[in-house]
Structure formats: structure tokens, C-alpha cells
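What follows is a single structure, written as C-alpha cells, with notes after it.
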There are 2 protein chains.
Amino acid sequence: MPTPSRTSLDRIVRAGRTILDTEGLDSLTMQRVAVVVGVRAPSLYKHVRDRAELVRLIAGDVERELGAAMDAAATTGDPRGDLHAIAHAFRAYALAHPGAYALLFARLPDAWRLDPDPGSRTFDSLFRTVAALSGPEHVLEAARTVVAWASGFVGMELAGAFRLGGDIDAAFAYGVERIADAIGTGARQAAGPPP
Amino acid sequence: MPTPSRTSLDRIVRAGRTILDTEGLDSLTMQRVAVVVGVRAPSLYKHVRDRAELVRLIAGDVERELGAAMDAAATTGDPRGDLHAIAHAFRAYALAHPGAYALLFARLPDAWRLDPDPGSRTFDSLFRTVAALSGPEHVLEAARTVVAWASGFVGMELAGAFRLGGDIDAAFAYGVERIADAIGTGARQAAGPPP
DNA sequence: ACCTGAACACCGTTCAAGT
DNA sequence: ACCTGAACACCGTTCAAGT
């Protein structure tokens, strides 16, 4: 007689996510997940191909969460205000869920990487906001400049790389303003005729 | 009779660095290092406290190398040209030595982190160049904006996070120009009286 | 159909024993 | 003083055997 499942993919992914958030990626082992869901490690392989697939499933959830947090922030009605709000939401998410955040922006083994999803809407509100500031021509470059700066800032903050002290919150606020100026300026220069 | 050392700290660090560059951090194990230097893994503990210390020693070398590469690039005589050259040298180093680069800018276990070194001159030429563009008042914030952007850009590139295609070299060049505008603009605004 | 213990090939690290 | 094999506590993963 077939035995009913004692666990499920959903419970496994949620258990993994909890361990990731509380103890970090190194502690997210098959054995720890197995203990949480109440089976032995080998049983997990009936639900998930291997550890890399589990990490990818969790990363997908994280990507949707981060996207929703940024969407929810972009409500000031003013592009510059929205950019500030989105950047702030991005940083707040990363600081609140550093382990989860690392799944999206840290360099991980190729097998752990999220499959490129052309339908991903993660950065939609950011793209719209950037387009309003930069004009349509250089949206992609401008958006990449914003995301590169924000992810670099947060990455250094999480890595403890700001070793010269100073006010980190103020440095972030300074950065948003300068970046907002920059992508606006860049668009105006690019749109005009060459001198 | 005391046995003379069959290996040395220097050879161990160099072996570790070679493995890191060719196969990545995950392959930098005590056992692999031991094979390269020609002893058994337990013998390494006579020269190095643990794996974390070995990683920190390698990270120190890497930091000096990266600093030297940026110093060597800052020779155009023009601050804006120097900024471009330093940013390019930073990216080139990271792409050529992704494993080594990750030791400085990836989120790693605390024990692997380089001790803060107040005497570190790694970013000296960048600071001088940024100061020439931003004025003295906001050098720290401006330099952090540059490093955050550059490390974020390179981190996303190495992580395969630029999933929308496009010309990555062009996006980097676009970014340097916008950032150079940004920190100059910011300094002028900050220096003037409030409106 | 699912779960299990046992096994295999790895880790980092400690330690008593050899030279 | 240095190096060694053996041991311990972990990994991920496979697989035959149980229900």
C-alpha cells in the first residue's frame, strides 16, 4: 500500500527559507532541513532533485518578495521620490533578510543561479521610475547604474567593507541623490545634438 | 633531532592563491592545499591556525594587488580620466581574478574577513581622484558612491545578474560618466548656500 | 509511493605516536 | 620541531531494503 507523503515540497522550501533567514546559507544543509520537516535527509530527494534545486526554489520566492517590496514603495507620485523610496525598500529588505538577499546578488555556484526569467517583473517599478528620470533612450543603462550602485552599497555594508566609519545612512541618502542627478543629467546630454 | 620544515607559510599561501584563482573558493580546502605543497592536511596546522586564517592571509595579498593595479592606472593627469582608468582597472582585476576579488567584496563568514587596517592604502589613488572631482567636503560619501557602484556592477556581472542582455562594456562606460557627473554636481550643490 | 539505514566520497580539525 | 595516520563530527548523495 502506498505510503502518503510525510512532508511536501512546500514545507521543505519553507523550512529551508527559515534556516536561511536565521542561520545563513552555510547552515541550509539537507540534514538540517530534514530535521525541521521531520524526515531523514535521503527522503528529501523524493521531493527535490538536489540541494542546488532547493536553493533555486527559495531564490525564486525571495525574488518575488523583493520585487513586491519595491513595488509597494513606489507610491510617492514623483519619480525622484519614488527612486528614493525604491532604493530604501531595496536596502531595508537586504538588511532584514541578508541570507535571502545573498541568493540574488552574491556570487554563487552556477547551479544555484536562478534561471533567467524573461517574464520577471522584479524591477518593473524601478524601470518605470528610472525611465521617468532618464528618458526612454538610456533606460537600461540608467537602471543598471542604479541597481549596481544600490546592490554594491548594500553588499559592502553586509560585508563590513565600510571600514572608515562615518554615517552609513547618510552616505546612502547622499548616493541616491547623486545617482538621481546623474541619470537625469546623462539623459539630457545624450538627447541633445552633439556640440 | 628536530626535523626541518618540509613546507612554509609562504608556500602554503601561494598554493592556496593558485587554487583560488583556478578553481574558486569552494575548492580551496586544506586537503587540496596539502596535496599541492606535498604534505598531509594535518601538517598545515603547524603553519596556519585554521582555514579562516589561510583565507585571511590570501585576502591581504589580494587587497595589496588590487590597490597596486588601481594606483598604476591613475596616470592620465586628469581627474576624470583617472577615475575612468581606476574604475576600468578595478573591473579588469575582478574579471581576471574573480575568486580573489570575491574575498574582498563578497559576503563571507565573519572569521574570513580581513582585519580592518587603518593604514591600508588600497583606495588611496581613488580617494585623491574623487577629492579632485568632488571637493574636500564630501570625499568619503563620494568615494563610497564610486566604490559601491563599481563593486555592484562587477558583482552583478560576475553573478550573471545582467539578464536583459545589452552591451555590458558600454553600460560600464555609461556608468562611469554618470557617476563622475554625479559626484561633481553633488559637490557644487553642497558647496553653495541653500536657496 | 514514500521513507529508512547503510554506504561512499568528501570536508575541517584534533591528537597521540613516530622521526 | 615537524609530520603522520587514525579518529571525530560533519557534509551531499545513492541505493537496496522495508512498509
For DNA chain D, find the residues of residues 13-39 of chain A with a heavy-atom distance under 4.0 Å and give them by number; none if there aren't any.
-> T29(A), M30(A), Q31(A)
Angle class for the Y101(B)/F105(B) ring planes (parallel below 30°, perpendicular above 60°, tilted otherwise)?
-> parallel
Minimum-distance nucleotide to T7(A) side chain [options: dC2(D), dC3(C), dT13(C)] | dC3(C)
Please answer whether the main-chain N or O of F172(B) pairs with a side-chain N or O of R144(A) as donor and acceptor at a distance below 3.5 Å.
-> no
Below 4.5 Å, heavy atoms only, C-beta onward: do S5(A) and H47(A) meet side chain to side chain?
-> yes
Check the distance between dC11(D)'s C1' and L54(A)'s CG and give it to me in whole angstrom.
-> 15 Å
Just how far, in rounded Å, is P of dT19(C) from NZ of K46(B)?
-> 17 Å
Taking only side-chain nitrogens and oxygens of R40(B), does any of them come within less than 4.0 Å of OP1 or OP2 of dG5(D)?
-> yes
If you restrict it to nitrogen or oxygen atoms, what contacts under 3.5 Å exist between nucleotides 6-9 of chain C and the protein, and what is each distance?
none

If you round to the nearest 0.5 Å, how far is CG of L104(B) from NE2 of H97(B)?
-> 11.5 Å
Nearest-Å distance for atom pair CG/P, residues D50(B) and dT13(C) = 5 Å
With a 4.5 Å limit on heavy-atom distance, are the side chains of L28(B) and R32(B) in contact?
-> no
Partners of R51(A) by salt bridge (charged side-chain N to carboxylate O under 4.0 Å, His left out), sequence neighbours excluded?
-> none
Identify which one of V33(A), L44(A), L9(A) satisfies the side-chain contact (heavy atoms from CB on, under 4.5 Å) criterion when paired with L54(A).
-> V33(A)
Would you indicate whether the side-chain heavy atoms of M30(B) and Y45(B) approach each other to under 4.5 Å?
-> yes
Quick one: the dot-bracket string of DNA chain D, using Watson-Crick and G-U wobble pairs with both distances under 3.5 Å, [ ] for crossing pairs and | for bases paired to another strand.
-> ||.|||||...|||||.||
Could you give the side-chain donor-acceptor pairs of residues 82-90 of chain B under 3.5 Å, partners two or more places apart or in another chain?
unit_1: D82(B); atom_1: OD1; unit_2: T75(B); atom_2: N; d: 3.3
unit_1: D82(B); atom_1: OD1; unit_2: T76(B); atom_2: N; d: 2.8
unit_1: D82(B); atom_1: OD1; unit_2: T76(B); atom_2: OG1; d: 2.7
unit_1: H84(B); atom_1: ND1; unit_2: E177(B); atom_2: OE2; d: 3.2

Over how many whole Å does the gap from L44(A) atom CG to dT14(D) atom C1' extend?
-> 14 Å
Name each donor-acceptor pair under 3.5 Å that joins a side chain in residues 151-171 of chain B to protein atoms two or more places apart or in another chain, with its distance.
unit_1: S151(B); atom_1: OG; unit_2: V147(B); atom_2: O; d: 2.9
unit_1: S151(B); atom_1: OG; unit_2: A148(B); atom_2: O; d: 3.3
unit_1: E157(B); atom_1: OE1; unit_2: R91(B); atom_2: NE; d: 3.0
unit_1: E157(B); atom_1: OE2; unit_2: R91(B); atom_2: NH2; d: 2.8
unit_1: R163(B); atom_1: NH2; unit_2: E63(A); atom_2: OE2; d: 3.4
unit_1: D167(B); atom_1: OD1; unit_2: D169(B); atom_2: N; d: 3.0
unit_1: D167(B); atom_1: OD1; unit_2: A170(B); atom_2: N; d: 3.0
unit_1: D169(B); atom_1: OD1; unit_2: R91(B); atom_2: NH1; d: 3.2
unit_1: D169(B); atom_1: OD1; unit_2: R91(B); atom_2: NH2; d: 2.8

Rounded to whole Å, CD1 of I12(B) lies from C1' of dC3(D) at a distance of 12 Å
d(OH, Y45(B); C1', dC3(D)) in whole Å | 15 Å
Here the distance between atom C1' of dC11(D) and atom CZ of R51(A), to the nearest Å, is 9 Å
Establish, with yes or no, whether the OP1 or OP2 oxygen of dC2(D) is under 4.0 angstrom from a side-chain nitrogen or oxygen of S43(B).
-> no
If you measure from OG1 on T122(A) to CE on M70(A), what distance do you get to the nearest 0.5 Å?
-> 6.5 Å
